[in-house]
Structure formats: C-alpha cells, structure tokens
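Everything on this sheet refers to the single structure shown next.
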Amino acid sequence: MIRMFTSADLKATSRLYVDVFAGPPWNERWTIDWALDRLTMIFQSPGFLGHVYEVNGKIVGVIAGRSNSFKGRRELEIVELFVSKRCQSDGVGKALLSAIEEQAGNNGYSHSVLLTSQRVPAFNFYLRRGYRANADMVMMSRAL
C-alpha cells in the first residue's frame with residue numbers, strides 16, 4: 001500500500017534510512033538522529049511531496065521530494081528514495097517513483113530532477129524509467 005508521508009512517519013523512516021544506507025553498495029555510517037534530522041528538514045521544505053510504501057503495516061519504502069522553481073517552471077526535486085533490502089527489486093521503488101511523479105504532474109510540475117551516483121544500482125533504475133544523465137552538469141562539494 002502506498003500512502004502520503006506524514007510527520008508521524010519520521011521516526012520509522014529514519015530507522016529504515018539507517019538500515020538501507022548501512023548496507024551495500026553505500027556502506028555509509030548513519031545514526032538515527034542524523035537520519036531524523038535529514039528527513040525532517042526535507043519534510044519541512046516548501047512544496048514537500050512524499051510517499052511511503054507499507055507491507056503489513058510496516059514501512060518498507062520511502063520517496064521524498066520538494067518543489068523547485070527553474071526558468072518559470074515548477075519542477076520536482078527527488079531528494080530521497082530508499083527501499084528495505086528485503087524488498088528491493090520487488091517493484092516498491094518503481095511504485096513510489098510513479099506515485100510521486102503522478103502527484104507532481106497533477107499539481108502542475110513539468111519536470112523531475114534528482115542526484116544519484118553512477119556507481120550504484122539506482123543509476124540504472126532511473127535510466128530505465130526515462131531519466132537521463134546530464135553530461136554538462138557535475139555535483140561539486142567543499143568542506144567548510
């Protein structure tokens with residue numbers, strides 16, 4: 001079952017976030033507090049859109065995005081999409097992506113954008129769903 005992401009989901013989705021990103025291919029170290037802070041900030045963003053996927057009342061997948069304005073158009077920035085290890089490749093991610101894109105399209109959004117690594121399975125997941133890498137763009141960062 002897919003439903004809208006609510007503030008009541010923040011703790012459960014934070015635990016799932018830590019569990020998913022601790023494993024391959026990310027192998028990242030997260031704490032529940034860090035994940036809760038990240039997901040809360042996304043949730044509180046203007047134009048937040050988000051859904052959770054539940055199986056037997058337990059959240060097994062999450063998609064979270066926010067509204068951006070670019071050159072006079074509204075676009076959806078997908079910030080997070082993560083699925084429990086045991087449910088990956090079961091269509092959960094595809095269903096969540098379809099749900100948020102449908103909601104965005106019905107609300108006047110014209111485009112969807114996201115950042116992902118070319119070195120993880122998510123890259124090919126998005127390619128199969130019509131997303132294209134922009135060869136002119138690069139994500140840059142700098143420690144402060």
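Atoms considered below: every heavy atom in the structure, side chains included; atoms not considered: hydrogens, waters and symmetry mates.
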Do [X] and [Y] come close enough that some side-chain heavy atom pair is under 4.5 Å?
| X | Y | result |
| --- | --- | --- |
| Leu76 | Ile100 | yes |
| Thr116 | Val120 | yes |
| Tyr53 | Val62 | no |
| Leu97 | Phe125 | yes |
| Arg38 | Trp30 | yes |
| Leu16 | Ile59 | yes |
| Glu80 | Leu114 | no |
| Arg86 | Val60 | yes |

At their closest point, which heavy atom of [X] faces which heavy atom of [Y], and how far apart are they?
| X | Y | result |
| --- | --- | --- |
| Tyr109 | Glu75 | CD2-C, 3.4 Å |
| Ala133 | Leu127 | N-CD2, 4.5 Å |
| Val18 | Ala35 | CG2-CB, 3.9 Å |

Would you find more than 12 non-hydrogen atoms of other residues, nucleotides or ligands less than 6.0 Å from [X] atom [atom1]?
| X | atom1 | result |
| --- | --- | --- |
| Lys11 | NZ | no |
| Arg29 | CZ | no |
| Met139 | CE | no |
| Met41 | CE | no |

Determine yes or no for a side-chain-to-main-chain donor-acceptor pair under 3.5 angstrom, with [X] supplying the side chain and [Y] the backbone.
| X | Y | value |
| --- | --- | --- |
| Asn134 | Asp136 | yes |
| Gln88 | Val83 | yes |
| Asn124 | Pro121 | no |
| Thr13 | Leu10 | yes |
| Ser14 | Leu36 | yes |

To the nearest 0.5 Å, what is the distance between [atom1] ([X]) and [atom2] ([Y])?
| X | Y | atom1 | atom2 | value |
| --- | --- | --- | --- | --- |
| Arg129 | Lys94 | CZ | NZ | 5.5 Å |
| Ser67 | Phe48 | OG | CZ | 12.5 Å |
| Glu101 | Ile78 | CD | CD1 | 5.5 Å |
| Leu39 | Gln44 | CG | CD | 11.0 Å |
| Asn107 | Arg74 | CG | CZ | 6.5 Å |
| Ser98 | His51 | OG | NE2 | 10.5 Å |

Can you spot which of Leu49, Asn68, Ile42 makes a side-chain contact (heavy atoms from CB on, under 4.5 Å) with Glu77?
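Single pass found, and it is Asn68.
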same_hphob_cluster([X], [Y]) at 4.5 Å side-chain heavy-atom cutoff:
| X | Y | value |
| --- | --- | --- |
| Val20 | Ile32 | yes |
| Leu96 | Tyr17 | no |
| Met4 | Ile63 | no |

With no hydrogens and no angle check, just 3.5 Å: does a side-chain donor-acceptor pair link Arg73 and His111?
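Yes, side-chain donor-acceptor contact under 3.5 Å.
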Check whether the side chains of Ser112 and Tyr131 place a donor and an acceptor atom closer than 3.5 Å, and report yes or no.
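Tyr131 and Ser112 do have a side-chain donor-acceptor pair below 3.5 Å.
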Parallel, tilted or perpendicular: rings of Phe43 and Phe5 (30°, 60°):
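Because their plane-to-plane angle lies in the 30° to 60° range, the rings of Phe5 and Phe43 count as tilted.
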